[in-house]
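In what follows, a structure is listed as structure tokens, so that the remarks can point back to it.
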Protein chains: 2
Amino acid sequence: MRSTANYLPAEERREATVEAVIELAAHANPGDITTTAIAVKMGLTQGALFRHFPTKDSILEAVVDWVVERLMSRVQEAAVAASSPMAALELVFLAHIDFVVAHPGVPRIIFGQLQHAEQTAAKRAVQAMLRRYGQRIAELLAQGQQSGEVDKQLEVDAAATLFIGTIQGLVMQSLIHGDVQRIRADAPRVFRIYSRGIECAQ
Amino acid sequence: MRSTANYLPAEERREATVEAVIELAAHANPGDITTTAIAVKMGLTQGALFRHFPTKDSILEAVVDWVVERLMSRVQEAAVAASSPMAALELVFLAHIDFVVAHPGVPRIIFGQLQHAEQTAAKRAVQAMLRRYGQRIAELLAQGQQSGEVDKQLEVDAAATLFIGTIQGLVMQSLIHGDVQRIRADAPRVFRIYSRGIECAQ
DNA sequence: GAAGTAAGTGAGTGATTACTAACTTTTATT
DNA sequence: AATAAAAGTTAGTAATCACTCACTTACTTC
């Protein structure tokens with residue numbers, strides 16, 4: 001329950017707001033997070049928030065933008081650092097899991113946005129990110145096919161869907177058992193099964 | 001937009017309420033479904049709902065109970081009908097996907113319940129169902145190991161987690177693309193990769 | 001067909017919510 | 001140090017929500 005110093009410059013206040021929402025989402029239903037709760041978390045009054053954001057939706061939009069930027073750059077770094085396509089997939093997977101464990105509120109916000117009926121800017125950003133993410137995974141898989149690591153007959157799109165589902169399954173487990181740390185131990189074991197499903201038969 | 005006949009007996013009204021919620025959840029965020037929306041969907045006034053349910057939460061509880069009963073019995077049937085553990089897993093998977101396509105609101109309600117911070121009766125029921133589901137899958141996997149279909153070195157718990165994640169990944173795809181039917185075509189291809197990951201090497 | 005009961009209506013109520021605006025306090029500038 | 005601009009406070013408002021209750025309508029049973 002960190003209380004930020006008063007009278008922050010606008011840019012920093014916006015950043016602090018985003019972080020407050022992400023921290024709150026770790027233990028609360030994203031849809032139920034009120035502007036009052038966000039303000040209290042920051043040691044601020046509710047009205048102050050609206051000096052920096054015109055609407056509550058715009059706060060969530062900023063949160064999603066924050067997530068997209070951080071997550072995608074982490075994933076990109078992991079992919080570049082790897083020595084082979086298969087190694088890249090594993091690094092991306094583990095980087096993603098690390099990110100989720102560090103920010104447990106993130107997958108809940110992402111999924112919460114996808115649930116919305118209306119096409120808000122935040123929802124569109126989430127959809128765009130997930131599409132891009134899927135394409136990136138599909139590229140790595142295709143490269144793996146060329147390098148001989150990945151089965152040539154693999155249906156790349158289906159495998160990319162399963163990649164995301166693998167992570168989503170772990171997140172669900174953490175929600176079932178109410179324990180995020182669990183994911184870290186389960187992740188490598190689950191990924192091993194996934195990689196066995198896509199690898200080239202020896 | 002079906003409007004149910006007026007003056008239903010209590011039991012049927014409760015049933016109709018549950019179905020109305022599930023239909024609404026196909027196109028709306030479950031958390032945002034109001035009692036007014038439910039009543040309108042049924043061609044009823046809002047007050048009438050509270051003749052049959054003491055609180056809104058109790059409505060969601062009834063919905064979850066409905067889902068648990070239907071889904072688990074479908075899964076059980078599929079498992080029994082199969083000729084081998086591996087065939088059972090595939091039948092269970094496809095039965096589950098069929099259920100989701102027939103009732104697209106269901107996974108959204110399930111996940112929405114998991115998101116809640118408080119331990120409501122509905123959330124507990126969802127957690128219990130998913131645990132039972134996971135155990136059932138783990139049993140089938142263990143039987144597969146004995147029958148020689150499934151790799152003996154497979155980590156059964158991780159494989160059960162991945163099984164659920166596989167379905168969850170497909171659901172996410174449908175939310176990204178806004179098209180539930182898609183799932184049906186993708187399901188067999190995704191399952192093929194999963195089964196390759198757990199099968200005994202030939 | 002009269003009487004009793006179950007189901008539905010309609011007009012509320014209080015609580016909560018996002019958002020506003022007049023005012024105060026802090027920070028930055030000269 | 002004086003002043004302007006930025007950031008925060010306080011006390012609202014209108015809208016929405018779950019829930020209530022006195023009353024009305026339909027069904028059931030003898």
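Every chain is numbered from 1, with letters handed out A, B, ... down the list of sequences. Heavy atoms only: backbone and side chains are in, while hydrogens, waters and symmetry mates are out.
No side-chain donor-acceptor contact under 3.5 Å links B:Y194 to the backbone of A:I193.
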Below 3.5 Å, can you tabulate the donor-acceptor pairs from side chains in residues 86-101 of chain A to any protein atom, sequence neighbours excluded?
from  : atom 1 : to     : atom 2 : distance (Å)
A:H96 : ND1    : A:Y133 : OH     : 2.7
A:D98 : OD1    : A:R184 : NH2    : 3.2

Show every donor-acceptor pair shorter than 3.5 Å between a side-chain atom in residues 72-79 of chain A and any protein atom, with sequence neighbours excluded, or say none if there are none.
from  : atom 1 : to     : atom 2 : distance (Å)
A:S73 : OG     : A:E69  : O      : 3.2
A:S73 : OG     : A:R70  : O      : 3.0
A:Q76 : OE1    : A:R136 : NE     : 3.1

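Here B:S84 pairs with B:E149 under the side-chain hydrogen bond (donor to acceptor under 3.5 Å, both in side chains) rule; sequence neighbours left out. B:Q145 meets the side-chain hydrogen bond (donor to acceptor under 3.5 Å, both in side chains) test with no other residue; sequence neighbours excluded.
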Using the 3.5 Å cut-off, write out each protein N or O paired with an N or O of nucleotides 12-18 of chain C and the distance between them.
from   : atom 1 : to    : atom 2 : distance (Å)
C:dA18 : OP1    : A:K56 : NZ     : 2.8
C:dA18 : OP2    : A:T35 : N      : 3.2
C:dA18 : OP2    : A:T35 : OG1    : 2.9
C:dA18 : N7     : A:Q46 : NE2    : 3.4

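Regarding B:L49, its CG atom lies at a distance of 9 Å from the P atom of C:dG8, rounded to whole Å. As a whole-Å value, the separation of B:I38 CD1 from C:dG8 P is 15 Å. Summarising the geometry, the separation between CG on A:L44 and P on C:dC19 is reported as 16 Å, rounded to the nearest angstrom. Note: CZ (B:R14) to P (C:dA6) measures 16 Å, nearest angstrom.
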Under 4.0 Å protein heavy-atom contacts per nucleotide of nucleotides 21-26 of chain C, with B for base, S for backbone only and - for none: -BB-BS
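Here ring-ring contact (aromatic ring centres under 6.0 Å, His included) pairs that include residues 38-74 of chain B, with residues two or more places apart or in two chains, are B:W66-B:H103. Sequence neighbours left out, the pairs with a member in residues 165-183 of chain B that pass salt bridge (charged side-chain N to carboxylate O under 4.0 Å, His left out) are B:R182-B:D186. Applying the side chain to side chain donor-acceptor pair (under 3.5 Å) test to residues at least two apart or on different chains, the pairs with a partner in residues 24-37 of chain B are B:T35-B:Q46.
The phosphate of C:dG8 has OP1 or OP2 within less than 4.0 Å of a side-chain N or O from B:R13. Applying the 4.0 Å criterion to OP1 and OP2 of D:dA6, one finds that A:H52 has every side-chain N and O outside that range.
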